[in-house]
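Report on the structure given below.
Any value given below was found using the heavy atoms of this structure, including those in side chains, with hydrogens, waters and symmetry copies removed. In each ligand, atom 1 is the first atom listed, and ligand 1 is the first ligand listed.
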Amino acid sequence: MNVINPATEEVITSVKEDNLASIEFKYDLLRKGQEQWNLVPLKERIAVLQRFADLLKENLEQNATILTSEVGKPLQQSRNEINGARNRIKWLTENAEKYLADDIMNIDKGLTEKIVYEPLGIICNISAWNYPYLVGVNVFVPALLAGNAVMYKPSEFSTLTGLEIEKLLKKAGVPDNVFQVAVGAADVGEILLHLPFNGYFFTGSYKTGKHIHEKVAHKMVPCQLELGGKDPLYIADDVADIKNVAAGTADGAFYNSGQSCCAVERIYVNEKVYDAYVDEFVKEVKGFKLGIPSEEGVYIGPLTRRPQLEFVENQVKEAVAKGATLAAGGKRVTGKGYFFEPTVLLDVTHDMSVMREESFGPVIGIMKVKDDAEAIKLMQDTEYGLTAGVYSASKERAEKILGKINAGTGYWNCCDRVSAALPWSGRKHSGLGSTLSHIGLRAFTQPKAYHLKG
Ligand code: NAD
């Protein structure tokens with residue numbers, strides 16, 4: 001399998017893909033290793049994963065460069081991602097004892113009732129390319145902490161990073177028969193669906209997530225899905241500093257070239273501040289530096305996958321054909337690399353794909369609304385439910401609006417952020433189950449109830 005640099009279209013290297021025999025071999029290794037790993041005291045497992053975080057720091061520049069070369073993310077954003085992953089590991093390891101220890105629920109007249117959080121066993125993690133460190137860490141760190149063995153399938157677009165993760169985990173002390181990497185694309189993913197894993201944890205598109213969910217349903221094991229979004233923002237009429245709000249929300253829409261599951265994908269602006277907001281927003285977007293992502297200072301790199309160029313281009317063409325106005329960008333950049341100009345569309349409607357289908361690229365639609373009620377109606381008009389945000393001077397007003405939106409995360413005066421202390425979950429087509437927080441630590445366990453008399 002060739003690994004392509006999306007900024008230059010050059011082949012970086014090629015890697016050997018797995019097949020049925022090699023995957024079965026890896027699976028058997030994990031089956032043997034998991035019981036031993038579960039016997040390792042939790043404190044030691046925590047220490048191993050903290051060493052992994054230290055190694056991420058020591059190898060920051062090298063791994064950021066590898067990440068940028070294969071996914072096209074600007075170098076500083078690759079560094080940010082790896083540092084973000086270290087922060088998540090810090091929270092997860094510092095809280096593992098608290099949430100994975102046995103819970104004594106009752107002691108009464110010689111009867112003790114307690115919950116023991118047993119690991120699921122061998123879990124399968126099929127992962128995405130857009131934040132391979134972050135979405136990987138969400139799964140394999142709590143899974144390993146809880147005593148599971150992990151088969152990790154990085155996306156075929158971030159294989160080199162997946163192999164680096166494996167190298168550093170092993171160096172940190174994760175035994176070879178506790179963590180294995182499945183190298184390949186959809187066909188390798190399919191092989192994993194046929195093996196008897198004790199849980200499936202998927203990050204990726206709704207289409208693949210639905211397929212996996214249906215395929216493994218008969219196994220009666222947990223299947224968690226972190227899928228796409230069409231995340232809305234509402235800018236209310238009482239926002240104070242329009243320039244700052246425009247800068248923050250443009251970053252929320254265009255960071256990582258819009259290839260974030262929780263990227264701002266559509267914006268509704270109260271008519272009283274619409275002109276001022278759009279003015280500042282467009283100025284901000286026109287100031288973004290597009291270029292080769294390994295060069296310092298570049299903010300917009302290429303898209304990671306070539307087909308996404310065409311998808312985004314079609315969304316823009318369709319919107320314009322239906323009456324949208326281009327306020328910035330709008331087309332591919334000629335020459336090598338999968339570059340698309342950062343694009344702002346005005347006069348959009350919900351009849352356009354750009355306001356309904358996840359763009360996953362540097363494109364945003366902005367729509368004028370007359371009041372909060374209209375904003376809520378439009379924000380709710382989606383099959384997705386990952387995040388939603390409100391910018392307003394009033395926390396009460398924002399919480400009232402967010403309370404009416406069927407999404408896993410609500411933001412007031414911020415957007416496009418994830419916290420290790422809070423559950424990360426999607427609703428409707430955005431997913432099932434939660435990672436991160438105490439809920440995400442326990443997602444890799446099965447509770448056993450003990451009634452102990454005597
Ligand atoms: P994708 O669905 O194309 O692929 C995800 C993974 O599934 C890859 O490893 C791929 O090889 C594998 N796969 C594909 N077909 C398969 C099959 N038939 N059987 C088994 N495995 C299969 O998604 P992607 O392009 O890698 O990621 C982008 C999507 O992920 C976007 O929709 C984005 O919003 C979403 N995402 C969500 C979150 C979240 O936390 N909610 C985080 C990151 C990305």
Within reach of ligand 1, part of [X] (heavy-atom separation under 4.0 Å):
X: Phe360; value: side chain
X: Val135; value: side chain
X: Asn138; value: neither
X: Tyr131; value: neither

Output the list of atoms in ligand 1 that are nearer than 4.0 Å to some heavy atom of [X], sorted by atom number.
X: Trp129; value: 24 (P), 25 (O), 26 (O), 27 (O)
X: Arg305; value: 25 (O)
X: Trp424; value: 39 (C), 40 (O), 41 (N)
X: His211; value: 18 (N)
X: Ser205; value: 1 (P), 2 (O), 23 (O), 29 (C), 30 (O), 32 (O)
X: Glu226; value: 37 (C), 38 (C), 39 (C), 40 (O), 41 (N)
X: Leu193; value: 19 (N)
X: Glu156; value: 8 (C), 10 (C), 11 (O)

Heavy-atom nearest neighbour in the protein, as seen from [atom], with distance rounded to 0.1 Å:
atom: atom 22 (C) of ligand 1; value: Thr208 CG2, 3.6 Å
atom: atom 27 (O) of ligand 1; value: Ala128 CB, 3.6 Å
atom: atom 12 (C) of ligand 1; value: Ile126 CG2, 3.6 Å
atom: atom 32 (O) of ligand 1; value: Glu358 OE1, 2.7 Å

**Q.** CA sep, side-chain torsions, deciding dist, call: Leu378, Val369, side chain to side chain contact (heavy atoms under 4.5 Å, CB included)
**A.** CA-CA 9 Å; Leu378 290 166; Val369 294; 3.6 Å; yes

**Q.** Pairs touching residues 72-100 that satisfy ring-ring contact (aromatic ring centres under 6.0 Å, His included), sequence neighbours left out
**A.** Tyr99-His438

Polar contact flag for [X] and ligand 1 (N/O pairs, less than 3.5 Å):
X: Lys153; result: yes
X: Leu227; result: yes
X: Glu190; result: yes
X: Phe202; result: no

Q) Any side-chain heavy atom of Lys368 within less than 4.5 Å of one from Tyr268? A) no

Q | Heavy-atom nearest option to atom 9 (O) of ligand 1, drawn from Cys261, Ser127, Ala185, Gly426 | A | Ser127

(Q) Strictly by side chain to side chain donor-acceptor pair (under 3.5 Å), give each pair with a member in residues 326-347 just once, sequence neighbours left out. (A) Glu313-Arg332, Thr325-Asp347, Lys331-Glu341

